[in-house]
Amino acid sequence: MAGDTFINERINGILKYLKEKQKASVEELAAVFFVSPASIRRDLKEMQRLGMIERSRGGAIYNEKADEVSIFVRAEKNAKEKEITASVALKSLPEFQSVFIDNSSTCLALAERINLSYKTVVTNGLQIAQKLSRKENVTVIVPGGQVYFNTNSVTGSMTCAALSKFKVDLMLSSCAALEDGDTYEHSMETMQLKRRAFEISRKRILLVDRTKFALSALYRTCSAADYDAIITNADDSAVAFLRSMNVNVINR
């Protein structure tokens with residue numbers, strides 16, 4: 001167990017180092033972290049599997065825009081922004097008895113703080129399900145489907161089919177990017193799942209921290225105007241174009 005802790009700390013250290021330097025060789029990382037090149041290669045192999053980095057000849061490159069970046073990375077990235085967005089959401093959620101919560105790190109930040117006693121939660125996020133299962137009087141349902149280790153979620157056609165059997169009061173979801181008044185995802189599977197969750201929900205709320213306004217992704221999910229509300233920590237100037245589309249934006 002102690003060895004695992006040291007390895008995890010080293011992986012976190014490598015990630016921070018690569019984020020600052022953007023790239024580094026195996027020999028450079030071995031010298032910085034006082035371990036053998038073989039240990040660094042094993043660490044980089046695991047980090048590549050989690051979507052944290054891309055391998056290069058003799059080293060690694062920080063993976064800034066990897067498709068479906070690991071939720072473990074997303075939970076740490078812009079963590080303060082997500083917590084502020086969650087705080088805004090806590091004051092603005094409508095009444096509900098059942099809710100779909102996606103596997104986004106923003107929704108994870110909210111799910112950990114929201115009172116879900118005597119409510120039913122449907123989620124494709126395995127980390128969210130695990131955390132909520134420890135709370136008393138919360139019914140947690142995970143629809144069947146293929147498990148994706150990188151995103152720690154169930155996604156795909158089986159999951160979409162399973163979701164069709166539900167009707168929930170509320171959808172809490174985020175997105176990979178919000179661009180030109182539309183929401184986008186990095187993968188077709190995630191886009192399809194979000195669309196299906198949209199269909200089974202009576203009300204839909206998008207939680208998006210301000211960093212998503214500057215990003216782009218490939219697969220369009222829907223218009224921002226399709227949501228009952230968008231909750232964000234972006235300032236008024238950043239969301240002015242959404243309000244011009246008559247989108248209900250809550251940012252304070």
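Counting begins at 1 with the first residue of the sequence.
- Exactly one of Thr221, Thr155, Asp102 qualifies for a side-chain hydrogen bond (donor to acceptor under 3.5 Å, both in side chains) with Lys194. That residue is Asp102.
- The line from CD of Glu81 to OG1 of Thr85 is 7.0 Å long, rounded to the nearest 0.5 Å.
- Summarising the geometry, atom CD belonging to Glu199 is positioned 9.0 Å from atom SG belonging to Cys160; distances are rounded to the nearest 0.5 Å.
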Evaluate the criterion side-chain contact (heavy atoms from CB on, under 4.5 Å) for residue pair Phe241 and Asp180; output intermediate values, then yes/no. CA-CA 9 Å; Phe241 77 101; Asp180 296 329; over 6 Å; no
How far apart are the C-alpha atoms of Met171 and Val99, what are their side-chain angles, what is the distance that settles it, and do they pass the side-chain contact (heavy atoms from CB on, under 4.5 Å) test? CA-CA 6 Å; Met171 173 187 181; Val99 58; over 6 Å; no
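- Separating the CG atom in Leu110 from the CG atom in Leu93 is a distance of 5.5 Å, to the nearest 0.5 Å.
- Side-chain contact between Lys203 and Pro94 is present, with heavy atoms from C-beta onward closer than 4.5 Å.
- A continuous path of hydrophobic side-chain contacts links Leu15 to Ile11 [ILVMFWY only; heavy atoms under 4.5 Å].
- Annotation for Val168 and Ser98: closest pair CA-OG, 3.3 Å, computed over non-hydrogen atoms.
- Other residues, nucleotides and ligands place more than 12 heavy atoms under 6.0 Å from the CE atom of Met245.
- With hydrogens and angles disregarded, a donor-acceptor distance shorter than 3.5 Å links the side chain of Asp226 to the backbone of Ser223.
- Of all heavy-atom pairs between Leu242 and Ala224, the closest is CD2-CB, 3.8 Å.
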Assess the residue pair Arg204 and Ser201 against the criterion (side-chain hydrogen bond (donor to acceptor under 3.5 Å, both in side chains)); give the C-alpha distance rounded to whole Å, side-chain angles, the decisive distance to 0.1 Å, and a yes or no. CA-CA 6 Å; Arg204 302 100 174 183; Ser201 304; 5.4 Å; no
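- Looking at Thr190, its side chain never comes within 3.5 Å of a backbone N or O of Ser187 through a donor-acceptor pair.
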Worked verdict on Val138 versus Val140 for side-chain contact (heavy atoms from CB on, under 4.5 Å): CA-CA 6 Å; Val138 180; Val140 181; 4.0 Å; yes
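- Side-chain heavy atoms closer than 4.5 Å link hydrophobic residues (I, L, V, M, F, W, Y) into clusters, and following such links, possibly through other members, connects Met191 to Leu218.
- For the pair Tyr148/Val154, no side-chain contact is recorded, criterion being any heavy-atom separation below 4.5 Å from C-beta on.
- When side chains are defined from C-beta on, Leu206 counts as touching Cys175, because their heavy atoms get closer than 4.5 Å.
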Apply side-chain hydrogen bond (donor to acceptor under 3.5 Å, both in side chains) to Gln127 and Asn103, showing your working. CA-CA 8 Å; Gln127 191 173 10; Asn103 69 306; over 6 Å; no
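- The aromatic ring centres of Tyr227 and Phe198 sit less than 6.0 Å apart.
- Side-chain contact between Glu28 and Tyr17: present, with at least one pair of heavy atoms (C-beta onward) separated by less than 4.5 Å.
- Residues Leu170 and Phe100 have side chains not in contact (no heavy-atom distance under 4.5 Å, counting atoms from C-beta outward).
- When hydrophobic clusters are built by joining Ile, Leu, Val, Met, Phe, Trp and Tyr residues whose side-chain heavy atoms come closer than 4.5 Å, directly or via intermediates, Val239 is grouped together with Ile230.
- The closest side-chain heavy-atom distance from Leu215 to Lys212 is below 4.5 Å.
- In this structure the side chain of Ser164 reaches within 4.5 angstrom of the side chain of Arg196, judged on heavy atoms.
- With Ser39 contributing its side chain and Val35 its backbone, the two residues share no donor-acceptor pair below 3.5 Å.
- Counted within 6.0 Å of NZ on Lys167, heavy atoms from surrounding residues, nucleotides or ligands total more than 12; the atom is thus considered enclosed.
- A pairwise comparison of heavy atoms in Ser36 and Ala30 identifies C-CB, 4.1 Å as the closest pair.
- Each of Asp235, Asp236, Asn233 was evaluated against Arg252; a single residue qualifies, Asp236, per the side-chain hydrogen bond (donor to acceptor under 3.5 Å, both in side chains) test.
- There is a path of hydrophobic side-chain contacts, each under 4.5 Å, that joins Val26 to Phe33.
- Nearest approach of Ala217 to His186, heavy atoms of both residues: CB-ND1, 3.7 Å.
- Looking at Thr232, its side chain does come within 3.5 Å of a backbone N or O of Val208 through a donor-acceptor pair.
- Proximity of Leu178 to Arg210: side-chain heavy atoms (C-beta onward) are nowhere separated by under 4.5 Å.
- Each of Leu172, Thr120, Leu116 was scored for a side-chain contact (heavy atoms from CB on, under 4.5 Å) with Phe96, with one residue passing: Leu116.
- When atom types are taken as modelled, the side chain of Ser174 and the backbone of Leu207 share a donor-acceptor pair closer than 3.5 angstrom.
- What you find for Gln97 and Asp169 is that their closest heavy atoms are N-OD2, 2.8 Å.
- Contact record, Pro143 with Thr159: CG-CG2, 3.8 Å, taken as the closest heavy-atom pair.
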Between Glu185 and Arg220, is the salt bridge (Lys or Arg N to Asp or Glu O under 4.0 Å) condition met? List the steps. CA-CA 7 Å; Glu185 298 296 336; Arg220 179 184 180 276; over 6 Å; no
Between Gln192 and Tyr219, does a side-chain hydrogen bond (donor to acceptor under 3.5 Å, both in side chains) hold up when you go through it step by step? CA-CA 9 Å; Gln192 291 172 337; Tyr219 298 95; over 6 Å; no
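- How far NZ of Lys19 is from CD1 of Ile14: 16.0 Å, rounded to the nearest 0.5 Å.
- Atom NZ of Lys23 has 12 or fewer neighbouring heavy atoms from other residues, nucleotides or ligands inside a 6.0 Å radius.
- Remark: Met47 CE to Ile53 CD1 distance equals 5.0 Å, nearest 0.5 Å.
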Could you please spell out the steps behind the side-chain contact (heavy atoms from CB on, under 4.5 Å) verdict for Leu193 and Asn124? CA-CA 9 Å; Leu193 182 133; Asn124 72 314; 3.7 Å; yes
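- Note on Ile114: it clusters hydrophobically with Ile250, by side-chain heavy-atom contacts below 4.5 Å among ILVMFWY residues.
- A salt bridge links Asp43 to Arg10: at least one charged side-chain nitrogen sits closer than 4.0 Å to a carboxylate oxygen.
- No side-chain donor-acceptor contact under 3.5 Å links Thr123 to the backbone of Ile128.
- Remark: the backbone N or O of Ser117 is paired with a side-chain donor or acceptor of Asn115 at under 3.5 angstrom.
- Between Leu132 atom CG and Leu108 atom CG the span is 8.5 Å, to the nearest 0.5 Å.
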